Number of protein chains: 2
Amino acid sequence: MATDQLSLIFGALADPTRRAILARLSEGEATVTELAEPFDISLPAISRHLKVLETAGLISRSRNAQWRTSRLEAAPLRDVVAYMEKYRRFWDERLVRLEQHLERMQQEDQS
Amino acid sequence: MATDQLSLIFGALADPTRRAILARLSEGEATVTELAEPFDISLPAISRHLKVLETAGLISRSRNAQWRTSRLEAAPLRDVVAYMEKYRRFWDERLVRLEQHLERMQQEDQS
DNA sequence: ATTGTATTTAACGCATCAGTTAAATAACGG
DNA sequence: CCGTTATTTAACTGATGCGTTAAATACAAT
C-alpha cells in the first residue's frame with residue numbers, strides 16, 4: 001500500500017475486523033486479549049491488526065504490566081472528515097437541493 | 001479485500017491514484033484517456049482503477065461512441081460520512097471541549 | 001472492408017495482506 | 001528461579017493488489 005497518511009488511514013479502515021476493533025475501542029480502552037475475544041482469529045492476527053491501526057494513528061497503546069491497552073485516537077478521523085469536506089457538494093443533500101434551486105432560479109431569469 | 005460496501009469504499013479510497021482520479025472527476029466528467037493523462041501509468045492500469053471505483057459505487061460510467069465517460073457519484077461518500085458520525089465525539093473538537101468542560105464541572109461538584 | 005482511436009481483457013510478475021503455528025519476549029506471582 | 005499469562009516476532013502460505021505488455025473488442029470514419 002502507499003505510505004502517505006490518508007492511504008494508511010483508509011487502508012486501515014478497509015478491513016471489517018479493524019473497524020470492529022475501533023468500534024469496540026470507542027466504548028473504552030481494551031487489552032489485546034479482550035479485543036480478540038469476539039473474533040475467531042488468532043492473537044497474532046489481532047496483534048498485527050492493532051499494528052496497522054497504530055501505524056495509521058487510529059489508536060495509541062500503552063503498557064500496564066504484561067498488558068498492552070489500546071485506545072482510540074481522534075486525529076486521523078478528523079483528517080478523513082477534512083478530506084470528505086472537499087466533496088461535500090457531492091454528498092450533502094441539502095447543498096445539492098440548494099444548487100438545484102439556484103439553477104432553476106437562473107433558468108427562470110433567462111426565460 | 002472484504003466485499004462489504006464500506007470495505008469497498010475505504011479500499012478504493014486507500015489508493016492515491018484513485019483519490020486523484022476522484023479529485024479530477026469532482027471538476028467534471030472525463031474519459032479514460034483524459035483521466036490517465038496526468039499519470040505515468042498505463043491505460044489498462046487506469047482502466048482497472050476505474051473499475052475499482054465503480055465497484056465501490058464512487059463513480060458511474062456511460063458510453064458515448066468509443067469513449068467511456070466517468071462521473072463522480074455521491075452516495076458512498078455519504079455512507080462514509082455516516083460511518084464517521086459514530087466517532088464524532090472522538091474527532092469533533094467542539095464536542096471534545098464540551099465533554100472536558102462537563103468533566104471538570106463534575107469534579108468540582110465532588111470536591 | 002479497412003484503418004484508426006478508445007478501452008478492456010488476458011496473462012504474467014512482484015509486493016503486500018491476512019491468516020496460520022511455533023517460538024521468543026516481557027512481566028507477574030509464588 | 002520457575003511457571004503462568006500476555007503479547008509479539010518469525011516463518012510460512014494462499015489470496016489479492018497494482019503494475020506491465022500484448023491481444024481483443026467496440027465503434028467511427030473513410
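Hydrogens, waters and symmetry mates play no part in the numbers below; they use all other heavy atoms, side chains included. A quick note: this is a predicted structure, and the numbers were derived from the prediction, not measured. Residue numbering restarts at 1 for every chain, and letters A, B, ... go by the order of the sequence lines.
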### Message
Taking only side-chain N and O atoms of A/S42, does any of them lie within less than 4.0 angstrom of OP1 or OP2 on C/dT20?
### Response
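Result: yes.
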Please list, for nucleotides 4-8 of chain C, all pairs of protein and nucleotide N/O atoms separated by less than 3.5 Å.
unit_1 : atom_1 : unit_2 : atom_2 : d
C/dA6  : O3'    : B/Q66  : O      : 3.4
C/dT7  : OP1    : B/V32  : N      : 3.2
C/dT7  : OP1    : B/R68  : N      : 3.3
C/dT7  : OP2    : B/T33  : N      : 2.7
C/dT7  : OP2    : B/T33  : OG1    : 2.0
C/dT8  : OP1    : B/R61  : NH1    : 2.9
C/dT8  : OP1    : B/R61  : NH2    : 2.9
C/dT8  : OP2    : B/S47  : OG     : 2.6
C/dT8  : O5'    : B/S47  : OG     : 3.4

Length of the [atom1]-[atom2] vector between [X] and [N], whole Å:
X     : N      : atom1 : atom2 : result
B/N64 : D/dC27 : CG    : C1'   : 12 Å
A/H49 : D/dT7  : NE2   : P     : 16 Å
B/F39 : D/dT20 : CZ    : C1'   : 18 Å

Please check: side-chain N/O of [X] versus main-chain N/O of [Y], any donor-acceptor pairing under 3.5 Å?
X     : Y     : value
A/R68 : A/R63 : no
B/S7  : A/D15 : no
B/E37 : B/E34 : no
A/W91 : A/M84 : yes

### Query
Taking atom types as modelled, is there a side-chain donor on A/S62 or A/T69 under 3.5 Å from an acceptor on the other?
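Yes, a side-chain donor-acceptor pair sits under 3.5 Å.
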### Query
With a 4.5 Å limit on heavy-atom distance, are the side chains of B/L72 and B/R24 in contact?
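With C-beta onward as the side chain, the pair stays apart.
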### Query
Checking side chain to side chain contact (heavy atoms under 4.5 Å, CB included) for the pair B/R61/B/V32: CA distance, chi angles, key distance, verdict?
CA-CA 10 Å; B/R61 321 183 68 189; B/V32 178; 3.5 Å; yes
#### Entry: Chi angles and distances behind the side chain to side chain contact (heavy atoms under 4.5 Å, CB included) call for A/E73, A/L22
CA-CA 10 Å; A/E73 285 296 333; A/L22 289 181; over 6 Å; no
### Task
Specify the residues of residues 2-22 of chain B, ordered by number, for which at least one heavy atom lies under 4.0 angstrom from an atom of DNA chain D.
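Per residue number, the list reads B/D15, B/R18.
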### Query
If you look at every strand shown and take non-hydrogen atoms under 4.0 Å, does B/D40 touch a base, only sugar-phosphate, or nothing?
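Touches sugar-phosphate only.
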### Message
Closest approach to the side chain of B/M1, judged atom by atom: which nucleotide of D/dC27, D/dG17, C/dA18 is it?
### Response
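The answer is D/dG17.
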